[in-house]
Amino acid sequence: MPSEPAAATSPAPHSPLGLPPQVLCLGEALVDRLGPPGGDPATDLPCDDRLGGAPANVACGLARLGTPVAYLGRLGRDAIGDAFADLFASRGVDTRALQWDDHRPSRIVLVRRDASGERSFEGFAGGAGAAGEAVFADQALESEGLSAALGPLLAPARWLLVGTIPLASAAAASALQLACREAAAAGVALALDVNWRPTFWEASADPASGPGPEAIAAMRPLLEQAALIKCAREEAEWLFGSADAAAVSAALPQRPAVVVSDGGSHLSWCFGGLSGDLPAFPVTVADSTGAGDAFTAGLLHRLCAEPALLAAADPQPVVAALRFAAACGALVCQGAGAIDPQPDPAQVEAFLVAQA
């Protein structure tokens, strides 16, 4: 069972403070089964089950920061689904577009952690099924139901956040592509967290392998629509042959804002033609799961408050927003799981003061 609250029957369809969602987070909500440091999450004990999934993490992080947010995804009617329903209700995440699956379970991802807290994704509890088969609820996200829910959500929204994991399953890919089309038609900006996870595309894949031509082709329309792209250093190198954010931005026709992270090292950024590097905050890492999602939540939180940052003429406000986002990620690294350690604004500001 996940360690977060785990009892609810119907999710609350309200955003923080009762305001319309400014960010829509589409994709997987799942359990990260964290193995013991240095051990195998499939066989070794003790394991630690934590609610996760990048879009769900970002939604919860935004709600904790006070930005109204909606989650768009699909869960099984099981203990994991109940735990997420309770979590979303407690955080104030809008769940009008949350779908429920009566036949497929919510997904459990096996996460291996090394002695330093860094993690890799090893596969899934319960197997992955035959090629093209939707075994888990998140793989079966339905376009028709999503389209019906999107209309009232898109009208007040500023951002649609997506990752690439839904592209690995036919139904979820269709739903994701539909959401991107409707967001573009409504003038809602797309934020893309590349979040390449090879085991979601092929259960037996090497967790360290990069995307092949088919996966890159599937990602390309998202890369060419996004107003904001966040990727890890290795993802930028696989997709663009460079880890420099300015080079990544220049390689795309729309010249998006780009952030390229490198774990505990510096991050490279490019906003509105300005670019630079930002060093990481030095912290003791207990578990790096969800740190990048906390960063994304922090950055989208600031972009909702300061939309002019995308076309910045002055680097200082951009650096301030990136430091805020990096502080969110650093704080999550110091706790277990992706969601429990997510900070509120006062905690972020206190951390930044301590770093000054």
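Bear in mind the structure is a predicted one, so any value in this text is a computation, not a measurement.
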When you compare the side chain of W100 with that of R74, does any pair of heavy atoms fall below 4.5 Å?
no
Looking at side-chain heavy atoms only, is the closest gap between I108 and L30 below 4.5 Å?
no
Look at the side chain of Q254 and the backbone N and O of A226, then say whether any donor-acceptor pair between them is shorter than 3.5 Å.
yes
Please report the shortest heavy-atom distance between I165 and R197, naming the atom on each side.
CD1-CG, 3.8 Å
Heavy-atom closest contact (D94 atom, P21 atom, distance)
OD2-CG, 3.7 Å
Apply the salt bridge (Lys or Arg N to Asp or Glu O under 4.0 Å) test between R107 and each candidate in D101, D138, D78; give the one that qualifies.
D138
Using modelled atom types only, decide if a donor and an acceptor are shared between the side chain of Y71 and the backbone of N57 within a distance under 3.5 Å.
no
Establish, from distance only, whether the side-chain atoms of R91 and Q342 form a donor-acceptor pair under 3.5 Å.
yes
Shortest non-hydrogen pair, A179 vs L150, comes out as CA-CD1, 3.8 Å
Spacing of CG belonging to L278 relative to CG belonging to L322, to within rounding of 0.5 Å
6.0 Å
Chi angles and distances behind the side-chain contact (heavy atoms from CB on, under 4.5 Å) call for W269, V319
CA-CA 9 Å; W269 61 269; V319 170; 4.0 Å; yes
Using a 4.5 Å cut-off on heavy atoms from C-beta on, say whether the side chain of Q99 contacts that of L146.
yes
In Å and rounded to the nearest 0.5 Å, what is the CG to OG distance from D244 to S275?
6.5 Å
Check: A247 main-chain N/O paired with S242 side-chain donor or acceptor under 3.5 Å:
no
Would you compute the distance between atom CD1 of I229 and atom CG of D193 and round it to the nearest 0.5 angstrom?
10.5 Å
Rounded to the nearest 0.5 Å, the OG1 atom of T67 sits from the CG atom of L62 at a distance of 5.5 Å
Return the minimal non-hydrogen interatomic distance between R96 and P152, and the atom names on each side.
NH1-CB, 4.4 Å
Heavy-atom closest contact (R64 atom, P343 atom, distance)
CG-O, 2.9 Å
Taking W201 for the side chain and W196 for the main chain, is one N or O donor matched with an acceptor at less than 3.5 Å?
no
Between S147 and E182, do the side chains contain an N or O donor and an N or O acceptor separated by less than 3.5 Å?
yes
Lys/Arg N to Asp/Glu carboxylate O, D32 vs R50, below 4.0 Å:
no
Does L310 reach the side chain of L303, with side-chain heavy atoms less than 4.5 Å apart?
yes
Can you check whether L228 reaches L192 side chain to side chain, under 4.5 Å on heavy atoms?
no
Looking at side-chain heavy atoms only, is the closest gap between C304 and W159 below 4.5 Å?
yes
We want to know whether T164 and N195 form a side-chain donor-acceptor pair, criterion being a heavy-atom distance below 3.5 angstrom.
no
Closest non-hydrogen atom pair between F88 and A56, with its separation:
CZ-CB, 4.2 Å
Has S249 got a side-chain atom pairing as donor or acceptor with A246's backbone, closer than 3.5 angstrom?
no
Test of understanding: clusters of I, L, V, M, F, W, Y form through side-chain heavy atoms closer than 4.5 Å, transitively. Do L24 and L222 belong to the same one?
yes
Could you walk me through whether C180 and L26 pass the side-chain contact (heavy atoms from CB on, under 4.5 Å) test, one step at a time?
CA-CA 10 Å; C180 290; L26 185 152; over 6 Å; no
Just so I know, are the side chains of Q139 and R104 near enough to count as touching, which here means a heavy-atom distance under 4.5 Å?
no
Can you hop from V332 to V283 via hydrophobic side chains spaced under 4.5 Å?
no
After noting the C-alpha distance and the side-chain angles of L352 and R323, does the key distance pass the side-chain contact (heavy atoms from CB on, under 4.5 Å) rule?
CA-CA 8 Å; L352 289 170; R323 280 176 54 82; 3.9 Å; yes
Return yes if some donor-acceptor pair links the side-chain N/O of E235 with the main-chain N/O of A232 below 3.5 Å, else return no.
yes
With rounding to the nearest 0.5 Å, note down the distance linking CG in L267 to NZ in K230.
9.5 Å
Got L252 and F240 here, is their nearest side-chain heavy-atom distance under 4.5 Å?
yes
side-chain contact (heavy atoms from CB on, under 4.5 Å) between L190 and V162: does it pass, once the steps are laid out?
CA-CA 8 Å; L190 181 67; V162 303; 3.7 Å; yes
For F124 together with F200, are the ring centres under 6.0 Å from each other?
yes
Could you grab the distance from atom CG of D293 to atom SG of C328, nearest 0.5 Å is fine?
12.0 Å
Is the backbone of P198 close enough, under 3.5 Å, to the side chain of E202 for a donor and an acceptor to pair up by distance?
no
